[in-house]
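Residue numbers begin at 1 in each chain, while the letters A, B, ... track the order of the sequences. These numbers were taken from a predicted model, which means no experiment stands behind them.
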Amino acid sequence: MTSTETTPVCETPVQTGDVLLSIENLHARVEGKEILRGVSLRIRAGEIHALMGRNGSGKSTLSKVIAGHPAYTVTAGAIHYRDQDLLALSPEDRARAGVFLGFQYPVEIPGVSNLEFLRVSCNARRQHRGQEELDTFAFEDHVRDTMAIVQMDPAFLERSVNEGFSGGEKKRNEVLQMALLEPLVAILDETDSGLDIDALRIVANGVKTLALPTTATLLITHYQRLLDAITPDFVHVMAEGRILRTGDKDLAMALEQRGYDWIDGADGADTPQP
Amino acid sequence: MSNASQSRSWLEALLQVLAQRSGQPASQWAAQWAGARDWRWPTRRSEAWRFTDLRCLTQLDPARLHNRTAAPPWPDGLSQGSSRHVALQLDGHGHWRAPQGEPPSWPHGLMPLPTEDVTPGQVAHTVIPSGTLPLGAQLNGVTPGPSLGLQVSGPDPVHLALAIQAEQAQAWLAPRVLLVLQPDARLCLSWHVAATAQAAVLPMVEARLAPGAQLEEAAVAQGCPGATFLGSSFVRQSPRSVYRRANVTWGWGLSRDEPFIRQSQGQAETHLHGLAVARGQSLVDTHSTVYFDGPAGQLRQRHQALADDQGHSVFNGRVVVPRAAQQTDASQLSRNLLLSTKARIDTKPQLEIVADDVQCTHGATVSCLQDDELFYLQSRGIGREQASRLLQRGFCEEILQRLPRAALAWSSLQRLLEIPVPDQP
């Protein structure tokens with residue numbers, strides 16, 4: 001996959017209810033092992049989806065396949081993003097087009113200034129949307145304003161990307177990136193892991209603030225506590241590379257009380273698919 | 001004709017030309033250089049030169065060599081002198097001049113040494129064993145020309161910026177600088193060496209640090225294909241002295257940098273930070289040696305190299321800790337980034353430790369760009385090519401952050417670090 005677009009485009013406006021992401025019968029493998037075995041999911045503007053499931057059920061794999069991680073090979077199925085074949089795009093083109101992945105383990109990059117990284121990223125997305133790029137000064141004002149969303153200390157701008165950040169600071173930095181890139185589809189892979197109560201509240205509030213009627217959010221999580229702060233419209237449970245069951249927030253509460261064994265034994269055929 | 005005999009012929013021709021240019025009676029030069037004809041020209045059969053090919057140097061034509069220099073592109077503000085700062089550039093006669101051409105105006109705390117006190121090699125011979133002068137220093141020594149000798153005194157830091165610019169083919173520049181730091185004196189020395197044509201630059205620096213003295217040296221050396229850099233420096237440290245060296249080298253057809261440091265009684269601090277960037281067909285070689293002659297000396301050394309295209313980086317870090325150097329605390333790290341299948345990295349820590357109560361660590365890593373780092377940047381809309389350059393810049397920054405702001409102001413360094421605008425979507 002290579003960068004395919006050559007000229008800036010203005011993003012066509014999104015209406016609440018528009019299908020933003022459509023996944024059909026997706027199969028994917030990594031290192032010769034099939035992880036995704038027929039995932040189907042449709043996400044519309046204005047919706048918040050939660051994706052739950054045991055470790056190894058394929059949640060993170062799904063998020064990486066959507067973002068275009070080169071280690072994963074799609075063997076069957078399709079992903080459409082606003083009627084575009086997402087799988088034909090390079091990872092950077094997916095990001096520029098408005099697909100964002102918040103990493104479970106944000107990568108530390110020594111020597112690369114966080115401020116510079118954020119500015120280059122933000123401008124790449126702005127350029128795609130036909131917006132003017134921000135120069136160093138304008139961007140610094142913009143990023144300092146945006147940092148308020150996650151109550152992040154501006155001192156982190158001067159440091160290398162994620163280097164020496166605590167777990168909570170890394171997750172705040174992820175949400176800050178999400179705020180700056182203004183994605184249409186945000187996938188947050190266990191953004192709540194490793195957070196203390198206060199950090200969880202701050203990050204959850206940030207995500208809620210950024211969830212608009214014209215955007216969609218997919219939260220990958222193990223815990224009800226994130227869903228107490230952000231009420232999902234749909235909750236999906238993955239097992240063995242498939243979505244086994246879909247429900248509303250009550251499904252997450254039931255899982256919290258009864259565990260995944262309950263799902264294994266239940267018939268999910270009557271659950272509503274979005 | 002074999003390579004060895006070709007090199008021998010080239011050296012003979014070089015010595016003849018340099019003798020003619022010395023302007024001194026032939027018999028005097030013949031006596032002085034008699035030893036030079038007995039040099040063992042380095043060959044790749046010797047361990048120290050195993051990876052280093054000198055053809056880039058011997059492709060220079062001795063008959064056409066000259067010592068013409070050009071005006072360096074001084075960054076704004078750096079060329080202006082002040083009460084604590086002096087900027088000098090090498091002229092075509094081997095003298096150091098202020099950028100406007102006039103003789104230097106010495107700031108308080110910096111004083112030229114009398115000519116008779118500036119004997120080339122006087123510190124070198126106290127730092128390394130006799131008969132082991134490196135090639136760069138030997139060639140420097142046989143090149144006629146003046147030496148700059150300076151005495152530094154007083155605890156307030158003095159700033160000395162030296163620039164060498166070679167723009168004409170066949171330039172042969174061999175400046176010599178001797179620095180004598182009095183007790184507790186502080187000197188910030190900044191070098192900028194640039195060659196934009198097939199030329200050779202062979203600087204030799206000698207520094208003697210009295211107790212409590214501090215020397216901070218920053219060197220930026222940018223060459224071009226066909227240009228050769230043979231740098232040698234000799235630093236003798238007294239107890240409580242601090243020597244910090246940060247250098248960046250790139251672009252040369254051949255670069256061989258050989259710093260030698262001797263902590264004469266231990267109890268001193270040495271910090272060496274080097275960055276070598278080998279792209280194209282560049283060969284960038286660093287051979288460093290640190291001797292600890294007394295107890296409780298400290299060394300912090302970090303050498304980073306980036307090799308791309310058919311570039312070749314060589315690092316040999318020798319640390320000598322004899323029995324007298326108990327409680328030495330030395331660490332050495334060589335980090336290398338290999339970006340092409342045809343690029344090459346040769347790195348070797350060489351710790352010679354006899355003392356038994358010491359803490360000496362070393363490490364060497366060679367890696368390519370990490371896929372996870374690349375993907376992380378790509379997932380934020382940054383194209384793969386630009387992500388790669390960002391990561392390379394990040395790798396370099398770990399050393400560059402050691403350079404003083406003044407050294408970073410040189411436009412050549414800015415170009416090395418240039419981050420391109422985002423890929424055109």
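Taking 4.0 Å as the cut-off between side-chain N and carboxylate O, Glu397(B) and Arg393(B) count as a salt-bridged pair. Of the charged side-chain nitrogens involved, none lies within less than 4.0 Å of a carboxylate oxygen, so that Asp346(B) and Lys348(B) do not count as a salt-bridged pair. A salt bridge links Arg302(B) to Glu398(B): one of the charged nitrogens lies within less than 4.0 Å of a carboxylate oxygen.
Other residues, nucleotides and ligands contribute more than 12 heavy atoms inside 6.0 Å of the CG atom of Asp135(A). Residue-environment remark: NE2 (His80(A)) exceeds the threshold of 12 foreign heavy atoms within 6.0 Å. Counting heavy-atom neighbours within 6.0 Å of Phe51(B) CZ, excluding the residue itself, gives a total above 12.
A donor-acceptor pair under 3.5 Å links the side-chain atoms of Lys171(A) to the main chain of Ser193(A), judged by distance alone.
With chain A as partner, the option from Leu374(B), Asp371(B), Asp372(B) having the largest number of non-hydrogen pairs under 4.5 angstrom is Asp372(B). For the options Lys64(A), Arg125(A), Gln177(A), heavy-atom pairs under 4.5 Å to chain B are most numerous at Gln177(A).
When ring centroids are compared, Phe103(A) and Phe375(B) come within the 6.0 Å threshold.
The interface of residues 328-336 of chain B with chain A, defined by heavy-atom distances below 4.5 Å, is empty. Scanning residues 246-257 of chain B against chain A with a 4.5 Å heavy-atom cutoff picks out nothing at all. Close approach to chain B, defined as a heavy atom under 4.5 Å from one of its heavy atoms, is seen in Val161(A), Asn162(A) of residues 141-167 of chain A, taken by number.
Atoms CG and OG1, on Asn316(B) and Thr347(B) in that order, are 8.0 Å from each other to the nearest 0.5 Å. Once rounded to the nearest 0.5 Å, the distance linking CD1 of Ile66(A) with CZ of Arg94(A) reads 9.0 Å.
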Mind listing the side-chain donor-acceptor pairs of residues 182-191 of chain A below 3.5 Å, one per line with the distance, residues two or more places apart or on another chain?
residue	atom	partner	partner atom	Å
Glu182(A)	OE1	Arg129(A)	NH1	3.4
Asp189(A)	OD1	Ser60(A)	OG	3.2
Asp189(A)	OD2	Ser60(A)	OG	2.8
Glu190(A)	OE1	Gln104(A)	NE2	3.2
Glu190(A)	OE2	His222(A)	NE2	3.2

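Between the side chains of Ser412(B) and His192(B), a donor-acceptor pair is found at a separation under 3.5 Å.
Taking the side chain as every heavy atom from C-beta outward, Arg244(B) and Leu215(B) never approach each other to under 4.5 Å.
Checked against Leu134(A) for a side chain to side chain contact (heavy atoms under 4.5 Å, CB included), the options Glu140(A), Arg126(A), Arg119(A) give a single hit: Arg126(A).
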